[in-house]
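Inspection log for the structure reproduced underneath, given as C-alpha cells.
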Amino acid sequence: MAEVKSTGAVTMPHNLILEDRRSLSVSGVSDVDSFDEQTVIVYTDKGELTVRGSELHINRLSVDTGELLLEGNISSLTYADEMPKSSGFFSKVFR
C-alpha cells in the first residue's frame, strides 16, 4: 500500500528480493535512469540504486506499480543518497 509523506507526495513501499544472485525483484521504483548488460540504475524513494553485474536483463518493469524484475549475474547493489543534504538556515549560520 502507498504511503503519503508530509509533503503530500505518495511513496511506494521499497523492497529488494535477491535470489541466488541471479534474480532481483525491486519494488518502489519510480524511474529507470540507464541500463546495459553490466549496469542498471534506477530511482527509488530511498535513493538511487545501482545494480552491477554481467548479462543483466530487465524482464519486467512497471513504473505504475513501481516493480522491476531483473535477471543476470548480480555482483553488487549500491545506493546513493536520494538528495544531497539540504542547506537550511542553521547550516549556513554555523559554518
Side-chain angles (χ1 to χ4, degrees):
M1 175 172 15
E3 298 176 17
V4 179
K5 286 186 176 179
S6 60
T7 59
V10 176
T11 62
M12 294 175 265
H14 179 61
N15 297 301
L16 297 173
I17 300 172
L18 179 61
E19 298 177 17
D20 297 326
R21 293 181 63 178
R22 299 274 313 150
S23 176
L24 176 67
S25 175
V26 183
S27 63
V29 174
S30 57
D31 195 13
V32 174
D33 181 44
S34 65
F35 62 93
D36 58 31
E37 287 192 350
Q38 288 81 33
T39 306
V40 177
I41 301 172
V42 297
Y43 294 115
T44 72
D45 289 333
K46 302 298 180 188
E48 180 183 274
L49 174 64
T50 302
V51 180
R52 288 193 171 85
S54 60
E55 300 175 13
L56 299 178
H57 300 282
I58 296 176
N59 284 348
R60 182 178 33 180
L61 171 65
S62 173
V63 178
D64 293 334
T65 62
E67 295 178 3
L68 169 73
L69 179 60
L70 182 68
E71 290 188 351
N73 299 316
I74 299 167
S75 60
S76 75
L77 302 169
T78 308
Y79 280 97
D81 289 337
E82 74 180 282
M83 286 192 229
K85 292 185 179 181
S86 63
S87 57
F89 174 75
F90 288 109
S91 65
K92 292 177 184 175
V93 171
F94 293 110
R95 280 191 194 179

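Rounding to the nearest 0.5 angstrom, the gap separating the CD1 atom in I58 from the CG atom in L24 is 10.5 Å. One finds the CD1 atom of I41 at 4.5 Å from the OG1 atom of T50 (value rounded to the nearest 0.5 Å). Expressed to the nearest 0.5 Å, how far CG of L16 lies from OG of S25 amounts to 8.5 Å. Atoms CG and OG, from L69 and S23 in turn, are 5.0 Å apart once rounded to the nearest 0.5 Å. If you take OG on S27 and CG on D45, they are separated by 10.0 Å, rounding to the nearest 0.5 Å.
Under the 4.5 Å side-chain heavy-atom criterion for grouping Ile, Leu, Val, Met, Phe, Trp and Tyr, Y43 is not connected to V26 through any hydrophobic cluster. One hydrophobic cluster, built from ILVMFWY side chains closer than 4.5 Å, holds both L70 and L61.
Of all non-hydrogen atoms in G53 and L56, the two that sit nearest each other are N-CD1, 3.8 Å.
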Side-chain donor-acceptor contacts of residues 71-80 below 3.5 Å, not counting sequence neighbours, with atom names and distances?
unit_1: E71; atom_1: OE1; unit_2: N59; atom_2: ND2; d: 2.9
unit_1: E71; atom_1: OE2; unit_2: N59; atom_2: ND2; d: 3.3
unit_1: N73; atom_1: OD1; unit_2: R22; atom_2: NH1; d: 2.2
unit_1: N73; atom_1: ND2; unit_2: S54; atom_2: OG; d: 3.2
unit_1: S75; atom_1: OG; unit_2: R52; atom_2: O; d: 3.1
unit_1: Y79; atom_1: OH; unit_2: H14; atom_2: NE2; d: 2.5

Which pairs of donor and acceptor atoms, one on a side chain in residues 33-40, lie under 3.5 Å apart (sequence neighbours left out)?
unit_1: D36; atom_1: OD1; unit_2: Q38; atom_2: N; d: 2.8
unit_1: D36; atom_1: OD1; unit_2: T39; atom_2: N; d: 2.8

